[in-house]
Protein chains: 2
Amino acid sequence: MPTSGLMPRVTLREVADHAGVHPATVSRALNPETQAMVNSETLARVLASARELKYQTNTIARSLRTQRSLTVGVLIPDIMNPLFPSIVRGIEDTLDKADYTSLIAYTDGRADRVTARLDRLRQRGVDGLIVATAQLRDPTLEALLEEGVAVVQVNRRSTSRLIPSVTADAAGGMLAAIRHLAELGHERIAYAGAPLRVSTGRARIDAFRRGMRAVGLELASERIEQTESVSVGEGARVGRELLERDPQLTAIVTANDLIALGCYDAVREAGRDCPADVSVIGFNDMPFTDRFDPPLTSVHFDQYEMGATAAAMLLRRLAGEESGAPRVELETTLVVRASTAPPPRA
Amino acid sequence: MPTSGLMPRVTLREVADHAGVHPATVSRALNPETQAMVNSETLARVLASARELKYQTNTIARSLRTQRSLTVGVLIPDIMNPLFPSIVRGIEDTLDKADYTSLIAYTDGRADRVTARLDRLRQRGVDGLIVATAQLRDPTLEALLEEGVAVVQVNRRSTSRLIPSVTADAAGGMLAAIRHLAELGHERIAYAGAPLRVSTGRARIDAFRRGMRAVGLELASERIEQTESVSVGEGARVGRELLERDPQLTAIVTANDLIALGCYDAVREAGRDCPADVSVIGFNDMPFTDRFDPPLTSVHFDQYEMGATAAAMLLRRLAGEESGAPRVELETTLVVRASTAPPPRA
DNA sequence: CTCCTTCTTGCAATCGTTCGCAGAAGTCTG
DNA sequence: CAGACTTCTGCGAACGATTGCAAGAAGGAG
């Protein structure tokens with residue numbers, strides 16, 4: 001009859017009986033907050049009993065009583081995108097230190113799944129949420145805000161200034177990318193962006209435009225295009241489009257490493273070479289970019305750190321220590337590798 | 001006063017009052033199992049009330065009462081290893097269909113963290129476990145088995161034949177890899193393996209030995225070495241070692257793509273070229289291997305499928321439909337890319 | 001010796017469900 | 001029309017912890 005499941009078997013009551021005290025006393029003895037209330041002699045006895053019986057608090061029972069689950073929901077668009085494991089890891093580690101556990105939910109970028117996942121998480125009684133799926137205009141998030149749910153956005157953010165967020169500094173990264181290309185001598189620079197309905201898409205195209213102006217280069221609308229979704233395939237499609245519209249372009253700046261990979265394909269299909277004929281720059285500097293062929297020049301930021309600070313912000317909020325809605329922007333730097341080179345001589 | 005948390009606010013009792021019935025009736029009406037017990041008229045009324053009040057069951061309360069959390073713990077050595085996101089995704093998707101949720105825990109491959117994570121999961125009352133961290137001799141797993149906990153191993157497995165597992169067919173993959181090299185004309189083939197304390201390390205070196213014998217090639221012990229851990233750095237170390245011991249070797253078969261990447265580095269450092277001078281073959285065929293420089297020839301298996309079948313096995317076990325301990329081996333195939341070529345002419 | 005603190009512990013209610021048991025209708029059979 | 005049977009719903013006790021309240025003991029002040 002091996003079907004005991006993993007539920008902890010020894011209860012508070014049993015420890016109490018063993019130590020000859022009331023369950024309430026055991027509860028107090030085991031909780032650091034209330035430990036001071038109990039006589040040091042009894043405390044020792046209770047602790048000994050607990051250890052002997054290998055007592056473990058039943059989190060479920062506690063949560064029911066205290067109305068706090070010590071659990072945080074994490075909404076991720078797609079775990080297959082190599083950007084997210086590092087972020088998740090940062091979240092996980094910091095929550096862990098505060099005895100919180102994270103419940104991760106994947107949405108595949110589909111809005112209907114967002115609500116479904118959200119309901120699921122709510123049913124499980126999460127105390128707060130970290131959301132990496134924010135749309136620029138996101139009614140779902142605003143509804144959560146209305147309800148007074150603790151929410152923090154990571155990587156992407158919505159227009160609502162009331163929800164805290166941790167994002168990467170698009171302006172700095174883009175400017176560095178464009179400067180780098182300009183210094184190499186590029187002039188006809190194209191942009192392959194992410195969908196405008198998410199903040200990263202929006203912020204990065206804005207940053208691209210400003211950056212081009214800043215270095216005094218021409219902004220031709222035929223050299224700017226967005227993908228429908230963030231994927232290698234879409235990147236290839238847009239890359240082809242750009243190369244067709246302006247065969248003279250010598251560089252493509254992208255909003256994302258996956259899109260950049262797609263552009264590699266497009267360049268190759270057009271019978272050209274990266275970086276000899278066309279330079280390509282990515283964004284995010286996801287793991288293994290240095291291994292690609294050619295190694296990808298990309299805008300880098302600390303992804304682990306992004307997750308960690310988002311989690312820390314949420315914890316502060318849950319502890320009631322923070323009531324504002326800070327918008328943290330993480331520093332970005334350009335990592336130059338081999339996908340960028342001087343333009344071919346005309 | 002925005003601190004309501006995410007706990008569902010409307011309770012069964014409120015729905016009952018609204019519908020003019022007893023809470024127990026609402027409970028029965030909402031549970032598919034017991035729905036048949038309630039009169040269709042009352043059923044309709046209760047359902048209407050529930051919908052109107054947007055009732056959502058409080059999973060925590062239910063779990064406390066039923067002693068089942070509908071939660072499964074997943075132990076992963078390292079989420080940063082690109083092999084695991086796909087597996088996790090497969091697990092997640094199949095659990096989801098059965099209304100189970102997964103609690104993911106990362107161990108960083110450290111044994112002490114395994115027990116800590118396990119205690120954590122147990123406190124949270126998981127119904128079963130999917131373990132990707134198994135050591136070949138794993139007392140922890142055996143202890144769990146003793147306790148009658150439902151456990152399934154994925155990717156790696158321990159020696160205990162009592163615990164179900166889903167792994168990749170090492171023999172088939174290795175043989176295909178060696179055949180491929182032999183056909184290209186290689187003779188001095190080296191092996192860079194994973195640690196022998198995990199089953200993948202053990203199984204793959206055995207498979208390598210058998211494969212070499214099968215095609216009639218010499219098995220020189222100086223051309224066989226294992227890493228201490230599964231990482232690019234360790235792969236490079238072992239690669240260097242192998243190249244130093246036998247500078248004449250023309251191919252390296254590895255137990256893992258990360259190790260293969262390390263071998264790329266070692267080959268390059270030795271002033272040689274892959275694949276012109278040294279061919280390299282990986283194992284796992286993780287995402288983006290086709291993007292590496294050169295694109296990596298690797299032994300492939302369906303990682304998503306691996307996670308999915310492991311989850312399905314656990315679910316069956318939890319439903320009491322399965323009492324044996326099946327050991328599923330997933331088919332492996334060699335994906336030939338550009339890291340393998342004929343050996344240089346002597 | 002009484003009154004008032006301070007410390008320590010026990011009592012019992014509560015969190016939101018589920019489920020065994022029992023009872024109230026209603027139906028059927030002979 | 002009595003008795004047996006089915007169908008439906010309510011009652012109340014769990015599940016395992018936490019916590020406000022009260023009470024007993026001990027000690028000090030007046």
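Here is how names work: the chains are called A, B, and so on, in the same order as the sequence lines, proteins then strands, and each is numbered from 1. Values reported hereafter were calculated over all heavy atoms of this structure, with side chains retained and with hydrogens, waters and symmetry mates removed.
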Nearest-Å distance for atom pair CG/P, residues B:Leu70 and D:dC15: 20 Å
Using 4.0 Å as the upper bound for N to carboxylate O, is an ion pair formed by B:Lys97 and B:Glu92? no
Salt-bridge test for B:Arg137 and B:Glu142: reply yes if a basic N is under 4.0 Å from a carboxylate O, no otherwise. yes
Which nucleotide in C:dT9, C:dC11, C:dG16 has an atom nearest any side-chain atom of A:Ala24: C:dC11
Which of the following nucleotides, D:dT18, C:dG16, C:dT9, is nearest to the side chain of A:Leu12? D:dT18
Side chain of B:Arg28, base of D:dG10: donor and acceptor closer than 3.5 Å? yes
Looking at C:dG10, I'd like to know if its phosphate oxygens (OP1 or OP2) sit under 4.0 Å from a side-chain N or O belonging to A:Thr25. yes
Whichever of B:Leu43 and A:Val26 has its nearest DNA chain D nucleotide further upstream toward 5': B:Leu43
Find the distance A:Met37:CE to C:dG10:C1' and express it as a whole number of Å. 14 Å
Closest to side chain of A:Asn39, choosing from D:dC8, C:dT9, D:dA17: C:dT9
Is A:Thr42 near enough to C:dT8 that one of its side-chain N or O atoms lies under 4.0 angstrom from OP1 or OP2? no
Report yes if at least one side-chain N or O of A:Arg62 is closer than 4.0 Å to OP1 or OP2 of D:dT18; otherwise report no. yes
What is the distance, to the nearest angstrom, from the CG atom on B:Asp17 to the C1' atom on C:dG16? 13 Å
Any salt bridge linking A:Asp108 with B:Arg89? Criterion: basic side-chain nitrogen under 4.0 Å from a carboxylate oxygen. yes
Does the side chain of B:His22 get closer than 4.0 angstrom to OP1 or OP2 of D:dC11 through an N or O atom? yes
Name the nucleic acid region contacted by A:Thr34, choosing base, sugar-phosphate or nothing; use a 4.0 angstrom heavy-atom cut-off, strictly under. nothing
Assess whether one donor atom and one acceptor atom, taken from the side chain of A:Arg65 and the base of C:dT14, lie less than 3.5 Å apart. yes
Counting heavy atoms from C-beta on, name the nucleotide in D:dT9, C:dC15, D:dT19 closest to the side chain of A:Leu64. C:dC15
Quick one: on DNA chain D, does B:Gly20 or B:Ala61 contact a more 5' nucleotide (nearest heavy atom)? B:Gly20
Ion pair check, B:Glu33 and B:Arg28, cut-off under 4.0 Å: no
Between B:Gln67 and D:dG16, does any side-chain N or O lie under 4.0 Å from OP1 or OP2? yes
Quick test of your reading of the model: are A:Asp96 and B:Arg117 salt-bridged, counting only N-O distances below 4.0 Å? yes
Over how many whole Å does the gap from B:Gln35 atom CD to D:dC8 atom C1' extend? 15 Å
Quick check on D:dG16: is either OP1 or OP2 less than 4.0 Å from any side-chain nitrogen or oxygen of A:Tyr55? no
